[in-house]
Number of protein chains: 2
Amino acid sequence: MPRRHDPERRQRIIDAAIRVVARAGIAGLSHRSVAAEADVPLGSTTYHFTTLDDLMVAALRQANEGFARVVAAHPALSDPESDLPGELARVLGAWLGGDRTGVELEYELYLAALRRPALRPVAAEWAEGVGALLAARTDPVTARALVAVLDGICLQVLLTDTPYDEAYAREVLTRLLPAPGTRDGRGPGSLPPPTAG
Amino acid sequence: MPRRHDPERRQRIIDAAIRVVARAGIAGLSHRSVAAEADVPLGSTTYHFTTLDDLMVAALRQANEGFARVVAAHPALSDPESDLPGELARVLGAWLGGDRTGVELEYELYLAALRRPALRPVAAEWAEGVGALLAARTDPVTARALVAVLDGICLQVLLTDTPYDEAYAREVLTRLLPAPGTRDGRGPGSLPPPTAG
DNA sequence: ATCCCATGTGTACGAGCGTACATAACGGGG
DNA sequence: CCCCGTTATGTACGCTCGTACACATGGGAT
């Protein structure tokens, strides 16, 4: 009977919960399924997370860092000289183009806030975080709009099985920038050749 | 033992399913809960809808007509002389401002397509329907962009408990229109006073 | 060294679930 | 009028679930 006194038990349960949601969705999340995935007894998951909501809050907060990691991997996003819409479209492509389970996982937890008020503050944290990042390059209103359209494009891709079109995303994001196209000298309306399907 | 031979049994089950989802969410949807809500025996729901996915497809398809009804109630949307962003923002306000359970219901079924491939064609139908409506006023690319940003704004409102800001929505939608602001004579970039942070 | 409590473990209960299936009523076609 | 397939009904099985709770354990404070 090993592993009495396991200081990182709680963290390992969160990791297991994320793997469970990635594999089976929120519908497959239960104290038992997480316990099995983490290889701990049932009582251990109920002890650390009395409610499944508690567990989801912890999982969503940790999953959000996944997107933050993708953003951090594209430092050009913070470079004031770079083409903001182009960079955003590229980052989105990198996120959506990789393993779809990662995106599904984050979105499933994110969207679960619709019915679970406990998750809403965490969802708001994420939106505010991305918004703050973008606000540094434009202004708060535009930043919120960019976040909204990023969300909307992701939804269309994930919900309707449409492939992601990076050129389309860049065009839409470009139109959202406030001033009449003076920011990067490239006026809106001229679609570059589609570099991504 | 009344109601042997009930020709509209199937439809009444769909209506009951929608009420169940509106009240308890998809997590509360089961053959039994629907049977209780529709006041029919358990065997009746399993007979007409072998799988819960079947039931959800029928419910989502019927729920989509709810939004279509809101759109139909604003004929100005189809008037080529009207201010498209303004009308869209108004329609969205009417939808979000009413009983929130209706919006939650439709979005919950819509978002369920993320994990249930059976729902994806129905979700795509909805997006294409709204897109076609808007394409008649602009062009297909802009129409898709408008749908995306409408979705994104709804998500932000529903998921983060932020109140809906119609002026903000109008501003964002205006920026999405293709040509340099010649469509309605109102150029982008002039922000109305920020009524929400 | 001892005590105490946060942490870990095993088991049981009652409820709800999808599913299967044997049977009953109905009503249109013969 | 009768017959038969579609529709409707009731019940039961096996499973998973959240929850509760009694008991074991071990390390930090004293």
Side-chain angles (χ1 to χ4, degrees), chain A residues 1-60 62 108-109 112-113 115-119, chain B residues 1-60 62 108-109 112-113 115-119:
Chain A
M1 211 63 63
R3 220 183 293 111
R4 297 298 303 233
H5 183 58
D6 181 349
E8 304 175 17
R9 171 70 56 95
R10 192 186 156 91
Q11 181 58 46
R12 292 197 6 257
I13 290 177
I14 298 176
D15 296 339
I18 287 185
R19 288 196 300 273
V20 168
V21 174
R23 186 201 323 128
I26 282 188
L29 189 75
S30 73
H31 282 124
R32 285 172 218 267
S33 62
V34 171
E37 174 72 31
D39 191 29
V40 297
L42 165 65
S44 196
T45 56
T46 65
Y47 173 76
H48 287 283
F49 301 93
T50 311
T51 295
L52 281 182
D53 273 11
D54 296 339
L55 187 49
M56 271 187 268
V57 166
L60 175 56
Q62 179 159 325
E108 181 148 17
L109 286 168
R115 279 289 182 179
R116 293 167 215 269
L119 291 182
Chain B
M1 209 64 62
R3 220 183 295 111
R4 294 300 301 233
H5 182 57
D6 180 351
E8 304 175 16
R9 171 70 54 96
R10 191 186 157 91
Q11 181 58 46
R12 292 197 8 256
I13 291 177
I14 297 177
D15 296 340
I18 286 184
R19 287 196 301 274
V20 167
V21 174
R23 186 201 322 128
I26 282 188
L29 189 76
S30 74
H31 281 124
R32 286 173 155 88
S33 62
V34 172
E37 175 71 30
D39 190 30
V40 298
L42 166 64
S44 195
T45 57
T46 65
Y47 174 75
H48 286 282
F49 300 94
T50 311
T51 294
L52 280 183
D53 273 10
D54 296 340
L55 188 49
M56 270 187 269
V57 167
L60 175 56
Q62 179 159 325
E108 181 149 18
L109 286 168
R115 279 289 181 179
R116 293 167 215 268
L119 291 182

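Worth knowing before you read on, the calculation uses all heavy atoms, side chains too, and leaves out hydrogens, waters and symmetry mates.
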S.K.: How many whole angstroms separate atom CG of A/Asp39 from atom P of C/dG8?
M.R.: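 One finds 14 Å between P of C/dG8 and CG of A/Asp39, rounded.
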S.K.: How long is the line joining CG of B/Leu55 and C1' of C/dC17, in whole Å?
M.R.: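 For the pair B/Leu55 CG and C/dC17 C1', the rounded distance is 15 Å.
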S.K.: Name the residue from B/Arg19, B/Gln11, B/Arg12 that meets the side-chain hydrogen bond (donor to acceptor under 3.5 Å, both in side chains) definition with B/Asp15.
M.R.: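 Per the side-chain hydrogen bond (donor to acceptor under 3.5 Å, both in side chains) rule, the option paired with B/Asp15 is B/Gln11, out of B/Arg19, B/Gln11, B/Arg12.
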S.K.: Between C/dT19 atom P and B/Leu42 atom CG, what is the distance in whole Å?
M.R.: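 Checked: the CG to P distance equals 11 Å.
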S.K.: Ignoring backbone atoms, establish whether A/Ser30 has a side-chain N or O less than 4.0 Å from OP1 or OP2 of D/dC17.
M.R.: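 For D/dC17, OP1/OP2 do have a side-chain N/O of A/Ser30 under 4.0 Å.
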S.K.: Does a nitrogen or oxygen in the side chain of A/Tyr47 sit under 4.0 Å from OP1 or OP2 of C/dT7?
M.R.: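 Checking A/Tyr47 against C/dT7: at least one side-chain N or O falls below 4.0 Å of OP1 or OP2.
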S.K.: Describe the nucleic acid contact of B/Thr46 in one word from base, sugar-phosphate, nothing, applying a heavy-atom distance below 4.0 Å.
M.R.: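 Counting heavy atoms under 4.0 Å across all strands, the contact made by B/Thr46 includes a base.
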S.K.: Between the side chain of B/Ser30 and the main-chain N/O of B/Ser33, is any donor-acceptor distance below 3.5 Å?
M.R.: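 Yes: the side chain of B/Ser30 pairs with the backbone of B/Ser33.
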S.K.: Is there a side-chain polar atom (N or O) of B/His48 under 4.0 Å from OP1 or OP2 of D/dA8?
M.R.: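 Result: yes.
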S.K.: Is a donor-acceptor contact shorter than 3.5 angstrom present between the side chain of A/Arg32 and the base of D/dG18?
M.R.: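 Checked by distance alone, the answer is yes.
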S.K.: Could you state the atom-to-atom distance from NE2 of B/His31 to P of D/dT9 in whole Å?
M.R.: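 Result: 15 Å.
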S.K.: Any idea which of D/dG10, C/dG8, C/dT9 is nearest the A/Pro41 side chain?
M.R.: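 The listed nucleotide nearest to A/Pro41's side chain is C/dT9.
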S.K.: Over how many whole Å does the gap from B/Glu8 atom CD to D/dA8 atom P extend?
M.R.: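 That distance rounds to 12 Å.
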S.K.: Once you round to the nearest 0.5 Å, how far does OG1 of A/Thr46 lie from CD1 of A/Ile13?
M.R.: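 Atom-to-atom, A/Thr46:OG1 and A/Ile13:CD1 are 9.0 Å apart.
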S.K.: Looking only at heavy atoms, which two atoms of B/Phe49 and B/Arg10 are closest? And how far apart?
M.R.: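 In this case the closest contact between B/Phe49 and B/Arg10 is CE2-NH2, 3.6 Å.
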S.K.: Does a side-chain N or O from A/Arg9 land closer than 4.0 Å to OP1 or OP2 of C/dT9, or not?
M.R.: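 Answer yes for this pair, as a side-chain N or O of A/Arg9 is under 4.0 Å from OP1 or OP2.
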